[in-house]
Amino acid sequence: MKVTTLLGATAAGLAGVAVRDLTQRKHALTRNFPVIAHARYALEKIGPELRQYIVTGNDEERPFSRDQRSWVYASSKKENNYVGFGTDNDVEHLGNYPIVKHRTFSPSAPSTAVAHGHHDDEMSLPSAKVLGGPRGRRHAFRPGSVVNVSAMSFGSLSGPAIEALNRGAALAGAMHNTGEGGLSDHHRKGGDLIFQIGTAYFGCRDEHGRFELARLVDLVQSAPVRAIEVKLSQGAKPGLGGLLPAAKITEEISRIRGIPMGQDCASPSRHAEFDSVDSMLDWVERIADATGLPVGIKSAVGELDFWQELTRLMSGRTRGVDFITVDGGEGGTGAAPLVFTDSVALPYRVGFSRVYAEFARAGLTDDVTFIGSGKLGLPDNALVAFALGADMLNVAREAMLAVGCIQSQKCHTDHCPTGVATQNPWLVRGLDPTLKSVRLANYLQTLRRDLLKVSEACGVAHPGLIDADSVEILDGNRTGTPLRDIYRYEPGWGSLGPQLAQEITEIMWPQRDHDTEAPESATSTA
């Protein structure tokens, strides 16, 4: 009798937990997998102890380590993302370890209030450059955030995930790149957009799949599209077209992309509208003239002939791209063959520095906004990117983590357990876009706050003013080499021109808090 009563009570308790899990909207994983999902949270809670003795360390998991994911999760929830008892990174023995060099005396000191997150909602961190300004585009503008949401298509990601990203970008004053999969209703939730044009021309093509300029003009006028990005390649699969499996194609995706149901959707590897740098620039100018918007390109980096020809043709300043998004080979929201993921395209720091050098030699760096992507949504990676000359950053997988991704690495199977990268109705229902949008906004605001406080610790008012002399790469505890020497940057490279530097300093200076210094005494010499 007692056993029966105990079993009944246990069953009733589990049923109660299941009902609560199915009806709550805060946690996608428990909503999709009631009761059993709590085992993950329990294991996560005691994970540090288990890993210390049994499994792995905090920095051993890939592509994002436990420390990195924990920082994103805590930041997105506005929880304490500090650490105690010092770094657990093996600084004494690791090679290629970046160290940012702070300044003891400088005109700009980090605000204590900002450093501790007291004014995240009010703090802005705009781009140091006006997007489209040098080319005189009709709708040129200064982006309000140096950190924005990278290209992830509806279809690859679920509708609620796209909605969460768009709403979160709006809350944080950031921009949201549509990805090459077209502009859906989920992208129309208040966030400013960068519309990406891929090789299949989804959203701006006719019934035969051919690009149609009139459709592009109508599309960008129907939504808050601020710029257009022409995708040449991406870090996950450079030189290879994307593939959306038939299982993930819903009627909504079919309508938005203009593709049939029941068939894999394969994007071509190359554009049909141009076949050279010269013809690409003609096409870019045609789009910019028709829409008035800044137009840029996105590419991973392989051979340099393309970039050398691009700088040569832009030197006359009659044609040109307004921005360049350099995607590192370590990027990877898109599913790809293993060899492409592992071994094709240069990693971000090597690839970006080579592209930047070509523009620096041509004297064009102030004419172009450089956007970096590829695991740059972590403060240390982001700061190195700025030191090498990036003006803005796009975050993808880190944004996915902020809205619920647990790095299960099932993006290509349609079985994402948290409803982020799937079209499965049962799994998608677990993701509440309204709640997750706040998580994304919190993450973006926290990352910007960290970038600002480290910049000010380096003696500058904006991360765009950090240069290649502000970072050293350690070889264990033996020696440190300035970033400038490693990537062979000449004097002035990686820095803004004097006019741009003055403009962004004047923009940022009023935001300085007055709690950066102790009150002066009668004997103060400051």
Side-chain angles (χ1 to χ4, degrees), residues 129-141 143 151 153 175 177-183 187 192-234 241-242 256-258 267-300 305-327 355 358-359 362 364 367-371:
K129 293 178 180 175
V130 174
L131 200 62
R135 298 284 310 135
R137 307 302 187 196
R138 295 195 303 277
H139 301 304
F141 70 104
S153 299
M175 294 186 293
N177 192 307
T178 63
E180 63 182 312
L183 201 162
H187 289 100
D192 284 345
L193 299 171
I194 295 179
F195 180 70
Q196 187 182 84
I197 302 176
T199 55
Y201 307 116
F202 296 127
C204 53
R205 68 186 206 163
D206 63 17
E207 60 275 11
H208 301 293
R210 298 172 299 197
F211 173 74
E212 191 171 297
L213 183 59
R215 293 196 184 195
L216 174 64
V217 173
D218 290 342
L219 183 70
V220 300
Q221 290 178 348
S222 73
V225 176
R226 305 299 306 275
I228 294 172
E229 180 179 81
V230 180
K231 176 188 168 184
L232 303 179
S233 61
Q234 68 182 93
I256 291 167
R257 294 196 179 194
S267 299
S269 296
R270 300 288 186 274
H271 280 269
E273 294 301 298
F274 52 86
D275 60 3
S276 66
V277 178
D278 187 53
S279 56
M280 182 193 77
L281 288 178
D282 285 340
W283 196 61
V284 164
E285 293 296 334
R286 182 183 171 205
I287 291 173
D289 288 344
T291 64
L293 298 175
V295 181
I297 57 174
K298 174 181 180 177
S299 181
D305 293 350
F306 168 83
W307 303 103
Q308 292 165 351
E309 179 70 358
L310 179 60
T311 54
R312 186 183 71 81
L313 292 176
M314 285 183 59
S315 293
R317 291 182 166 83
T318 58
R319 297 176 299 165
V321 296
D322 298 295
F323 64 93
I324 294 171
T325 302
V326 175
D327 200 15
V355 170
E358 295 296 333
F359 281 81
L364 294 171
D367 292 356
V368 177
T369 293
F370 292 97
I371 304 175

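Computed from heavy atoms alone, side chains included, the values below leave out hydrogens, waters and symmetry copies.
Just one of H187, K231, K298, E229 meets the side chain to side chain donor-acceptor pair (under 3.5 Å) condition when paired with N177; it is E229.
Put simply, the side chain of T178 never gets that close to the backbone of L183: no donor and acceptor are under 3.5 Å apart. Side-chain atoms of R135 never come within 3.5 Å of backbone atoms of V368 as a donor-acceptor pair (strictly under, hydrogens ignored). No donor-acceptor pair closer than 3.5 Å links the side chain of D322 to the backbone N or O of G296. A donor-acceptor contact shorter than 3.5 Å is absent between the side chain of R286 and the backbone of L213. A distance-only check finds no donor-acceptor pair linking the side chain of R319 to the backbone of M280 [under 3.5 Å]. Between the side chain of E285 and the main chain of G320, a donor-acceptor pair closer than 3.5 Å is present. In this structure, the side chain of T199 does not engage the main chain of S269 through any donor-acceptor pair within 3.5 Å.
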Step-by-step side chain to side chain contact (heavy atoms under 4.5 Å, CB included) determination, L310 to I324 = CA-CA 11 Å; L310 179 60; I324 294 171; 4.3 Å; yes
Output, in order, the C-alpha distance, side-chain angles, deciding distance and verdict of side chain to side chain contact (heavy atoms under 4.5 Å, CB included) for F195 and L216.
-> CA-CA 10 Å; F195 180 70; L216 174 64; 3.7 Å; yes
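Residue C204 comes nearest to R215 through the heavy atom pair CA-CB, 4.1 Å, listed as atom of the first residue, atom of the second, then distance. Between R137 and G292, the closest heavy-atom pair is CB-O, 3.8 Å. Residues G133 and A140 approach most closely at N-CB, 3.7 Å, considering heavy atoms. Shown here for R257 and S153, the closest heavy-atom pair between the two residues is NH2-CB, 3.7 Å.
To the nearest 0.5 Å, the span separating CD1 on I297 from CD1 on I371 amounts to 11.0 Å. Of the inter-residue distances, the one linking S276 atom OG with L313 atom CG reads 8.5 Å to the nearest 0.5 angstrom. In this structure, the separation between CD on Q221 and CG on L293 is 9.0 Å, given to the nearest 0.5 Å. Of the inter-residue distances, the one linking R138 atom CZ with D289 atom CG reads 7.0 Å to the nearest 0.5 angstrom. A distance of 4.0 Å separates CD1 of I194 from CE of M175, quoted to the nearest 0.5 Å. Going from atom NE2 of H139 over to atom CD1 of I228 covers 10.0 Å, rounded to the nearest 0.5 Å.
Ring geometry, W283 versus F211: the interplanar angle exceeds 60°, so the pair is classed perpendicular (tilted spans 30 to 60°). The aromatic rings of Y201 and H271 are tilted relative to each other, their planes meeting at an angle between 30° and 60°.
Counting heavy atoms from C-beta outward, F202 and I256 have side chains that stay 4.5 Å or more apart. You'll find the side chain of D192 stays beyond 4.5 Å of the side chain of F141, heavy atoms only. Counting heavy atoms from C-beta on, the side chains of L364 and S315 come closer than 4.5 Å. For the pair L131/F323, a side-chain contact is recorded, criterion being any heavy-atom separation below 4.5 Å from C-beta on. Two residues are said to be in side-chain contact when any heavy atoms from C-beta on lie closer than 4.5 Å; V321 and M314 meet this criterion.
E309 meets the side-chain hydrogen bond (donor to acceptor under 3.5 Å, both in side chains) test with R312; sequence neighbours excluded.
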